Trainee: 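Starting off with a structure, shown below.
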Amino acid sequence: MSNSHTIDAQDYDVAIIGAGIAGSMAGLLCSRAGLRTVLLERHRFPRHKVCGCCVNGRAFQLLKQAGLESGLRQLQPATTSSLAVRYRGRKLNVTMPTSFAVSRRAMDQWLVTEAIASGCQFIDEVTAAVQPIESDKIPRKTIASRMLDLPEERTLLLRFQHPHAANCPPKTDADRHASRQAKLSTKIVLVCDGLGHPSLHLLPSFTAEPVLGSRIGLGAVFPRTAADAWIQQSEVLMAVAPQGYAGVVEIENNQLNLAAAIDPSYLNKSNSPLDCLANIFRSAGVPMPQELRSATIKGTVPLTRSARRIAGHRLFLLGDSTGYVEPFTGEGMAWALTAATAAIPFVVSAIRNSWSDELVRGWQSSFHDITRTQQKICRLLSATLRHRWLLPPVMTTCQFFPSLTQHLVNRINRVPKALEII
Ligand SMILES: Cc1cc2nc3c(=O)[nH]c(=O)nc-3n(C[C@H](O)[C@H](O)[C@H](O)COP(=O)(O)OP(=O)(O)OC[C@H]3O[C@@H](n4cnc5c(N)ncnc54)[C@H](O)[C@@H]3O)c2cc1C
C-alpha cells in the first residue's frame, strides 16, 4: 500500500477523517463519484482495532453491491453460520445467515487499498481536528444558520507524526513543531473517526458523551491451538456473565479474535484485563482460549453514546462517530457501511449544487430511518444482558420459539430498503 505523509497541492472536494470502515468506504464511493477525496488517518496502517470482526449479512451485501465481494474473499476470512451463547452453563445456539470473520487489521487495510485504487488520496499518521465556525454553536434543529455568513469551505488542522513535505529541513524546535502542522481547506468534511469523534473536540455542540454505566471494549488476536478445538470453526462463541460478555471467533490464518464488553467497575476491581476475561469465561462455564494468556489485550473508551448532532455546515458524521450501542449483535461495521453508502448522494449534491441547510436535515432524517430499528434491537438485547434474572427466560424463549429468534436475526442482517439495488 502506498501510504503518504504529504498533502497534495490540489484542492479537495471532500476530506474524510478516519480510515476505519465508514471512512474507507466513503473514500472509495466519493472517489468513484468523481470527487477529489483525501482520507486522513491518525494511526500508521495497517493497524489493529478492537472489534468482534464479524462481517454480518448486511455488511457483506453492501460490500457486494459495491463490487467488493471478491476482494473480501481474497482475505480468506473464516465463514460463520451460528452464534453459541453460553451463560452459567446454559446453552443457546442460533443459526445465522452466512457471515465472515476477518481481522480488522486485514479488513481495514484492504478497504483503504480499494479506496486508493478508486483515486482517493490516503494519508496516515496524521491527526485531524475540525476548526469551529459560527454555525457550529447553534444547537441541533435550529434553522438560523441561513442568517449567518457561512464559509464555502471547512478548515482542518492537521498534526503529522512525521515532518511532512516541508521543503526546508527544520533547524529549531519551533521549526520542527511547525513543520508537523498544516491546514487543509475542503468543501465537505466527513467525520468518520469512531467513538467520541475526537476530531470534533473544538466543537462542543457535537459532543457524544458516554451514557452512565457504559461498558468498555477489550480485544485481542492470538493463534488458535489444539486446546481450542472445542470452539467450533463456523461458530461465534459468546461467553456471557453479569459483568460483561466476551465473543470469540476464528479469523484468517488459524487465529482467534476476542472482543469483549465489560463493566468498567468490574475491570477496576480485577487484577488485570486478563483476570477479568478469565472470570467471565469461568462464570459462563467455558474454558478460556489458551493463547489469550500471552496475547496483547487492547481496550477502548466507553462504548455506548450518541452524538448531539450528526451534521453541520459542510460536515457529516458517519459510523461510530454518530454514537454507538454495545456490540452484542455485531453490527457496527454494517452500520458504518450503511451510513457511508447512504451519505454519498448528500455529499455529491453538496459539491455539484450549492450547499443548503436542507442537506443537514436530509442527512439527519435519512440516517434516522436507516439505523433506528437496528439500534433499537441492539439496545434491547444489551439491556437484557444486564439483568441476570432476565437472561435465562429469554434464552429459554429463544430456544422454544426459534422462528422468533430467526425473525430478529433476519432483521439485523437485512439491507435497509432505501439502499437495496433493484
Ligand atoms: C468489543 C467490540 C466488538 C465489536 N464487534 C463487532 C462485530 O463483530 N461486527 C461488527 O460489525 N462490528 C463490531 N463492533 C463495532 C465496530 O468495531 C465499529 O462499529 C466500526 O469499527 C465502526 O467503524 P468506524 O469507521 O465508524 O470507526 P472506526 O473503525 O473506529 O475507525 C475510526 C478511525 O478513525 C481514526 N481517527 C480517530 N481520530 C482521528 C483523528 N483525529 N484524525 C484522523 N484519524 C482519526 C482512528 O484511528 C480509526 O482508524 C465491535 C466493537 C467493539 C468495541
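Residue numbers run from 1 in the order of the sequence given. All ligand and atom numbering here is 1-based and tracks the order in the structure. A quick note: this is a predicted structure, and the numbers were derived from the prediction, not measured. Only heavy atoms go into these numbers, but all of them, side chains included; no hydrogens, no water, no symmetry mates.
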Trainee: Check the surroundings of atom CD in Glu69: do more than 12 heavy atoms from other residues, nucleotides or ligands lie under 6.0 Å from it?
Mentor: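 Counting neighbours around CD of Glu69, more than 12 heavy atoms of other residues, nucleotides or ligands fall under 6.0 Å, so yes.
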
Trainee: Give the numbers and elements of all ligand 1 atoms closer than 4.0 Å to a heavy atom of Ile17.
Mentor: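 Counting from 1, the qualifying ligand atoms are 40 (C), 42 (N), 43 (C).
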
Trainee: Please report whether ligand 1 has a polar contact with Gly52, defined as an N or O pair separated by less than 3.5 Å (distance criterion only).
Mentor: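 Gly52 vs ligand 1: N/O contact under 3.5 Å present.
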
Trainee: Does the distance from a Lys or Arg side-chain N to an Asp or Glu carboxylate O, for Arg282 and Asp275, drop under 4.0 Å?
Mentor: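 Judged by the 4.0 Å cut-off on N to carboxylate O distance, Arg282 and Asp275 do not form a salt bridge.
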
Trainee: Just which atoms of ligand 1 are under 4.0 Å from any heavy atom in Asp320?
Mentor: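 Atoms satisfying the 4.0 Å criterion: 18 (C), 19 (O), 20 (C), 22 (C), 26 (O).
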
Trainee: Look only at the side chain of Asp228 and the backbone of Thr225, and say whether a donor-acceptor pair between them is shorter than 3.5 Å.
Mentor: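 Side chain of Asp228 to backbone of Thr225: a pair is present.
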
Trainee: If you define the side chain from C-beta out and look only at heavy atoms, does anything of Ile297 sit under 4.5 Å from Phe222?
Mentor: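 Sidechains of Phe222 and Ile297: no contact.
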
Trainee: Could you tell me which atoms of ligand 1, counted from 1 in the order shown, lie closer than 4.0 angstrom to a heavy atom of Gly20?
Mentor: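 Near Gly20, meaning under 4.0 Å from one of its heavy atoms, ligand 1 has 25 (O), 29 (O), 31 (O), 33 (C).
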
Trainee: What part of Trp335, side chain from CB on, backbone N/CA/C/O, both or neither, has a heavy atom under 4.0 Å from ligand 1?
Mentor: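 It is neither; nothing of Trp335 touches ligand 1.
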
Trainee: Determine, stepwise, if the pair Glu252 / Ser103 fulfils side-chain hydrogen bond (donor to acceptor under 3.5 Å, both in side chains).
Mentor: CA-CA 7 Å; Glu252 75 276 12; Ser103 69; 2.6 Å; yes

Trainee: For ligand 1 and Arg47, I'd like to know whether there is a polar contact (N/O to N/O, distance under 3.5 Å).
Mentor: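 Yes; the residue has a nitrogen or oxygen that sits under 3.5 Å from a nitrogen or oxygen of the ligand.
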
Trainee: Hey, is Asp193 touching ligand 1 through its side chain, its backbone, both or neither, going by heavy atoms under 4.0 Å?
Mentor: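 Both backbone and side chain of Asp193 come within 4.0 Å of ligand 1.
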
Trainee: Does only the side chain of Cys53 get under 4.0 Å from ligand 1, or the backbone, or both, or neither? Count heavy atoms.
Mentor: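 Only the backbone of Cys53 comes within reach of ligand 1.
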
Trainee: What do you reckon, does Met333 have a nitrogen or oxygen under 3.5 Å from a nitrogen or oxygen of ligand 1?
Mentor: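 The answer is yes, given that Met333 and ligand 1 share an N or O pair closer than 3.5 Å.
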
Trainee: Let me check something: any side-chain donor-acceptor pairs from residues 343-351 under 3.5 Å, sequence neighbours excluded? List them with distances.
Mentor:
unit_1 : atom_1 : unit_2 : atom_2 : d
Ser349 : OG     : Asn353 : ND2    : 3.3

Trainee: Report the part of Ala59 (side chain from C-beta onward, or backbone N, CA, C, O) that has a heavy atom under 4.0 Å from ligand 1; answer both or neither where that applies.
Mentor: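 Neither; no heavy atom under 4.0 Å.
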
Trainee: Taking heavy atoms and a distance under 4.0 Å, where does Val126 meet ligand 1: side chain, backbone, both or neither?
Mentor: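 Just the backbone.
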
Trainee: Pull out every atom of ligand 1 sitting under 4.0 Å from any heavy atom of Tyr324, numbered as shown with elements.
Mentor: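 Under 4.0 Å from Tyr324, ligand 1 has these atoms: 14 (N), 15 (C), 19 (O), 50 (C), 51 (C).
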
Trainee: Could you establish whether Ala260 and ligand 1 come within less than 4.0 Å of each other, counting only heavy atoms on the residue side?
Mentor: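 Judged by the 4.0 Å heavy-atom criterion, Ala260 does count as contacting ligand 1.
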
Trainee: Counting only heavy atoms, tell me which of Pro198, Cys54, Ala26, Ala128 gets closest to atom 41 (N) of ligand 1.
Mentor: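 Among Pro198, Cys54, Ala26, Ala128, the closest heavy atom to atom 41 (N) of ligand 1 belongs to Ala128.
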
Trainee: Look only at interatomic distance and state if Gly332 has a nitrogen or oxygen under 3.5 Å from any nitrogen or oxygen of ligand 1.
Mentor: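 For ligand 1, there is an N or O atom that lies under 3.5 Å from one belonging to Gly332.
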
Trainee: With a 6.0 Å cut-off on the ring centroids, do Phe316 and Phe367 count as close?
Mentor: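 Phe316 vs Phe367: aromatic centres not under 6.0 Å.
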
Trainee: Just jot down the ligand 1 atoms closer than 4.0 angstrom to any heavy atom of Leu303, in number order.
Mentor: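 With Leu303 as reference, the close atoms of ligand 1 come out as 53 (C).
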
Trainee: Against heavy atoms of Lys49, which atoms of ligand 1 measure under 4.0 Å?
Mentor: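 In order of numbering, the contacting atoms are 17 (O), 21 (O), 28 (P), 29 (O), 30 (O).
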
Trainee: Looking at non-hydrogen atoms alone, which of Glu41, Arg104, Arg215, Arg44 comes nearest to atom 21 (O) of ligand 1?
Mentor: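 The residue whose heavy atom sits nearest atom 21 (O) of ligand 1 is Arg104.
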
Trainee: Would you mind running through ligand 1 and noting each atom that sits below 4.0 Å from a heavy atom of His43?
Mentor: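 Taking each heavy atom of His43 in turn, ligand 1 has 47 (O) under 4.0 Å.
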
Trainee: Would you please determine whether His197 falls within less than 4.0 Å of ligand 1 on a heavy-atom basis?
Mentor: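 No, that is not the case, since the closest heavy atom of the residue is not under 4.0 Å from the ligand.
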
Trainee: Going by the order shown, which atoms of ligand 1 are within less than 4.0 Å of some heavy atom of Ala259?
Mentor: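 What qualifies from ligand 1 is 1 (C), 3 (C).
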
Trainee: Looking only at distances, can you tell me whether any N or O atom of Arg42, backbone or side chain, sits closer than 3.5 Å to an N or O atom of ligand 1?
Mentor: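 Looking only at distances, the answer is yes, because the N/O contact criterion of under 3.5 Å is met.
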
Trainee: So which pairs with a foot in residues 209-220 pass side-chain hydrogen bond (donor to acceptor under 3.5 Å, both in side chains), sequence neighbours left out?
Mentor: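 side-chain hydrogen bond (donor to acceptor under 3.5 Å, both in side chains) check on residues 209-220 returns Arg215-Asp263.
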
Trainee: So, Asp108 and Lys49, do they make that salt bridge, N to O below 4.0 Å?
Mentor: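 No, this pair does not count.
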
Trainee: Below 3.5 angstrom, do we get any N/O pair linking Ala261 and ligand 1?
Mentor: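 So ligand 1 has no N or O lying under 3.5 Å from an N or O of Ala261.
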
Trainee: Are the side chains of Asn93 and Leu83 in touch, meaning some heavy atoms are under 4.5 Å apart?
Mentor: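 In short, these two side chains do not touch, never coming nearer than 4.5 Å.
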
Trainee: Does any part of the side chain of Trp335, heavy atoms only, come nearer than 4.5 Å to the side chain of Ile370, both counted from C-beta?
Mentor: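 Ile370 does not reach Trp335 side chain to side chain.
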
Trainee: Just let me know how Cys192 lines up against ligand 1, side chain, backbone, both or neither, with a heavy-atom cut-off below 4.0 Å.
Mentor: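 The part of Cys192 near ligand 1 is the backbone, not the side chain.
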
Trainee: So Lys183 and Gln131, do their side chains get closer than 4.5 Å, heavy atoms only?
Mentor: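 In contact.
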
Trainee: Do NZ/NE/NH1/NH2 and the carboxylate oxygens of Arg314 and Glu153 come within less than 4.0 Å?
Mentor: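 Looking at Glu153 together with Arg314, the answer is no, because their closest N to O distance does not fall below 4.0 Å.
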
Trainee: Less than 4.5 Å apart, side chain to side chain, heavy atoms only: is that true for Leu203 and Leu315?
Mentor: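 Side chain of Leu203 against side chain of Leu315, heavy atoms only: contact under 4.5 Å found.
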
